[in-house]
Amino acid sequence: MELKTKSLKELYEKDFYLWVLENLKLLKNKEFEFVDWENLLEEIEDMARRHFESVISYMAVIMEHLYKWEKFRENEYMGINWKKGINTARMKIADLFDDNPSLRRVAQEKESLNKAWKRAVRRLVLWFDEDENKDLAKRYFGRPPTEEDFPKECPYTFEQVMEYKPWREEMRESTETSQP
């Protein structure tokens, strides 16, 4: 028994795919004493973490683009790709929620929103550091911004992350002002 378990642990490092198949076979045969529980439990936990991290990553993209749209959009042509990025990320999150409904509850938590916001801020700092955005950095901050130049707490609710479309507000205002 110990030899079989030890060789499975070695297999984990050398051939992950085969390790999975061998553990699966053991589980199906109810040979629980031979399963590499330590690594198996770690892998199961990692699977859950990957889905959660994907949601956080997509929320960070949405927050970054919403923030740029609200604060740094200078003309009607600027931000077309931000809008596409927001819509794509929302679609990816919706797909994740369809397959993993419990992720929606976790994503709504303040800690999750703040984690995503922190990533969005890092992305904003990097965006301003790109050559084509250095003039914007000077105009808005007088220098390249740091993480300290952005709100500490997430300025968006979960509902805004998933539904807020500032471009629709602008369209509505534009049609209201153009009507006699």
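Quick note: numbers below take in every heavy atom, side chains included, and nothing from hydrogens, waters or symmetry partners.
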**Near-ring test Y140/F128, centroid separation under 6.0 angstrom** = no
**Request:** First locate atom NZ of K68, then atom CD1 of I86, and finally report the distance between them rounded to the nearest 0.5 Å.
**Result:** 9.5 Å
**Request:** Report yes if some heavy atom in the side chain of L136 is under 4.5 Å from a heavy atom in the side chain of E74; otherwise report no.
**Result:** yes
**For Q160 against P155, the heavy-atom pair lying closest together** = OE1-O, 3.8 Å
**Prompt:** Ignoring hydrogens and geometry, is there a side-chain-to-backbone donor-acceptor pair from N114 to E111 under 3.5 Å?
**Reply:** no
**Prompt:** Is V35 reachable from Y12 through a run of I, L, V, M, F, W or Y residues, each pair having side-chain heavy atoms under 4.5 Å apart?
**Reply:** yes
**Asked** How many angstroms lie between OG1 in T146 and CG in D129, if you round to the nearest 0.5 Å?
**Response** 11.5 Å
Side-chain polar contacts of residues 117-125 - donor-acceptor pairs under 3.5 angstrom, sequence neighbours left out - could you list them?
| from | atom 1 | to | atom 2 | distance (Å) |
| --- | --- | --- | --- | --- |
| W117 | NE1 | P151 | O | 2.7 |
| R119 | NH1 | E53 | OE1 | 3.2 |
| R119 | NH2 | E53 | OE1 | 2.3 |
| R123 | NE | E64 | OE1 | 2.6 |
| R123 | NH2 | E64 | OE1 | 2.9 |

**Single-linkage hydrophobic cluster L27~I44, side-chain heavy atoms < 4.5 angstrom** = yes
**Request:** Mind checking the NE2-NZ spacing from H65 to K84? Nearest 0.5 Å is all I need.
**Result:** 12.0 Å
**Message:** If we ignore hydrogens and angles and just use 3.5 Å, is the side chain of S112 paired with the main-chain N or O of Q108 as donor and acceptor?
**Reply:** no
**Item:** Shortest non-hydrogen contact from W127 toward N133
**Value:** O-ND2, 2.9 Å
**Request:** State whether K152 and E148 are salt-bridged, where the test is any N-O pair (Lys NZ or Arg NE/NH1/NH2 against Asp/Glu carboxylate O) under 4.0 Å.
**Result:** yes
**Message:** Do Y67 and L126 land in one hydrophobic cluster if side-chain heavy atoms of ILVMFWY residues count as linked below 4.5 Å?
**Reply:** no
**Item:** salt_bridge(R105, E109) N-O dist < 4.0 Å
**Value:** yes
**From CA spacing to verdict: side-chain contact (heavy atoms from CB on, under 4.5 Å), D15, E22** = CA-CA 11 Å; D15 189 341; E22 289 297 318; over 6 Å; no
**Prompt:** Could you walk me through whether R73 and W167 pass the side-chain contact (heavy atoms from CB on, under 4.5 Å) check?
**Reply:** CA-CA 11 Å; R73 187 165 178 259; W167 51 90; over 6 Å; no
**Asked** Does any N or O in the side chain of N23 come within less than 3.5 Å of the main-chain N or O of D36, such that one atom is a donor and the other an acceptor?
**Response** yes
**Prompt:** Which is it for E43 and V20 under the side-chain contact (heavy atoms from CB on, under 4.5 Å) test, yes or no, and what are the steps along the way?
**Reply:** CA-CA 10 Å; E43 289 300 324; V20 169; over 6 Å; no
**Request:** Give the minimum heavy-atom separation between Y58 and I93, together with the two atoms involved.
**Result:** CB-CG1, 3.4 Å
**Salt-bridge present (R49, D46; N to O < 4.0 Å)** = yes
**Which atom of L8 lies closest to which atom of W19, heavy atoms considered** = O-CD1, 3.1 Å
**Request:** Fit a plane to each ring of F150 and F72, take the angle between them on a 0 to 90° scale, and name the class: parallel (under 30°), tilted (30 to 60°) or perpendicular (over 60°).
**Result:** perpendicular
**Prompt:** Where is the tightest heavy-atom contact between D149 and P145, given as atom of each residue plus distance?
**Reply:** OD2-CA, 3.2 Å
**Item:** For Y156 against L66, the heavy-atom pair lying closest together
**Value:** OH-C, 3.4 Å
**Message:** Under a 3.5 Å distance rule, please check whether N75 uses its side chain to pair with a backbone N or O of M78 as donor and acceptor.
**Reply:** yes
**Asked** Would you say M59 and K115 make side-chain contact, with heavy atoms under 4.5 Å?
**Response** no
**Request:** Verify the neighbour count for atom CZ of F32: are there more than 12 heavy atoms of other residues, nucleotides or ligands below 6.0 Å?
**Result:** yes
**Prompt:** Any side-chain heavy atom of V55 sitting closer than 4.5 Å to one from F97?
**Reply:** yes
**Prompt:** Roughly how far apart are L26 CG and L21 CG, rounded to 0.5 Å?
**Reply:** 11.0 Å
**Message:** Under 4.5 Å between side-chain heavy atoms, counting indirect links through other Ile/Leu/Val/Met/Phe/Trp/Tyr residues: same cluster for L40 and F16 or not?
**Reply:** yes
